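What follows is a short report on a single structure.
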Amino acid sequence: MEKYLSIKEINNIIEKNYNKKYDKITAFIKDEDISEVFLKDKSAKVSPKVIRFIIGEYLNLKEIAKLDNVDNIGYSLDEGSFREALEKIYIASGKNNKTKNILYPYCIFASNEQINNLYKEAKDIAGSRFKYAAFMLEAIALNGTKNALNLVYEASKKFKQNTVRFTCKAILNLITKEAGMPLEVFADKIIPDFDFDSNGIRIVESEESKVKKRFKIILKEDFSFSIFDEDKNKEFKTFPKDFPISVKKELSKLKSEINRVIKMQMERLQFAFMDGRKWTLKDWRELFFENPLMKCFAIKLIWGIYDKKNKLLKTFRYMEDGTFNNEDDEEIKIEETKEKILIGLISPIETKKEIIEKWKKQLDDYEIVQPFNQLATETKEEIIKKIPSVVTVGTIKWLASKLNMETENGDSGIIYGYYLFDTYNEAYIEILTPSIYYGIDNSEEIEIKINFRNADERFEYGAYLMISNYLK
């Protein structure tokens, strides 16, 4: 059980460590905005001076850091009232560079909803204030939750501004170096589950009334949800009156947040399809069984069992009932052996055409639509012929955005092409273009050329297949 500081212990810390200059540097904060913060057990309110101390300590920092002694005070406060006070402080700061450090405590103690809203703010201002947006992402990383770190990962791929993307990549590099794991392994571990268990169940306890109540939130296949009141043994289609307000706000935006996560994970799996990334059976189960959001991919994609030399041994699909079937729709067992097996997405380049055809028929019989085209029967040369050599500027920009490609920049912001570096096998794909200058008409047609560096046959085949799905 966590030990929280008492009001006496908090006041003693403040008395010994409070710097009078904190009154001045926090003068933009009104006492009335920070006078309703309670202790964790809500037995007493803390003095506004306590909140000024927390903010003052962070405003005093010269570089990003977490202050454990200060944070211990914050963790001893009631989450709801403290977060509300921090929200008011953040608004009062007016996104001023002089007081931007308040984002540190704001993010450390923020709810998922506050983190999501801040991320959207960063996206909105990145075009005009890219340095401040980058700072916001640094602060979001301090939150340390799966949701927050996943947003930093997403920003490292999706933000248009180089400064923001490179800042996020630096944050992730630092974290993964300290954790001693590759980036994509870390990215697997920070996929949000929104507090749902492997069966898509989340328990919410309400303390809005004198009697504690339990609600069961059930996640459906389409990522909508139902609410079940365990005390009344009744299912609700809308939020009951005594449902916790903070959770209600979060769940109101749940489907859009889940769709954002699903989109990002689909793109990551496309790269795993291209580069042949593998998982141990344990890691694969953890990723695709325990997170209910990832189960949809386990069911809709076709997987392979590989030996330690990356030789494909069997193909299989995860069924809705938790079993595994092969290409003949026969149930099979998958268990760890002395010779450790690896799991990965199969590629047509390593699979017999007749097996691909069997899988296509099985998915059709089960009326399953794959998230991307995995089961092609064309050769690499046939796919290349399908890709146009002349496209519009708007199309190539759209493709680069879809594949999270970086720009090949020249002088005066002129773009000479796009490239993607795959961290798993250190392969490059380049799409070379004539000069794309600022203000060029998106409807203008240009000739493109696709090059690879350090890429094996599987990567090239997968890349051409993905590109052919976008350029038709």
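None of these values were measured; they are calculated from a predicted model. Numbering of residues begins at 1 and proceeds along the displayed sequence.
A donor-acceptor pair under 3.5 Å links the side-chain atoms of Y58 to the main chain of L67, judged by distance alone. Side chain of N199 to backbone of I201: no donor-acceptor contact under 3.5 angstrom is found. For the pair N101 (side chain) and L61 (backbone), a donor-acceptor distance under 3.5 Å is present.
Judged as a side chain to side chain donor-acceptor pair (under 3.5 Å), and not counting sequence neighbours, T433 has no contacts.
F186 and Y153 have their aromatic ring centers separated by at least 6.0 angstrom. With ring centers used as reference points, F459 lies 6.0 Å or more from F271. Checked against the 6.0 Å centroid threshold, Y470 and W398 count as a close aromatic pair. A ring-centre distance under 6.0 Å is found for F109 and F82. Less than 6.0 angstrom separates the ring centroid of Y318 from the ring centroid of F324.
A salt bridge links E286 and K189; the closest N-O separation between the charged side-chain nitrogens and carboxylate oxygens is under 4.0 Å.
Counting heavy atoms of neighbouring residues, nucleotides and ligands inside a 6.0 Å radius, atom NZ of K30 does not exceed 12 of them.
Of the listed residues (R214, K213, K216), just one forms a side-chain hydrogen bond (donor to acceptor under 3.5 Å, both in side chains) with D229, and that residue is K213.
The two atoms that bring S93 and T99 nearest to each other are CB-OG1, 3.6 Å, heavy atoms only.
Seen from the ring of Y132, K95 does not count as a face-on cation partner, given the 6.0 Å and 45° thresholds.
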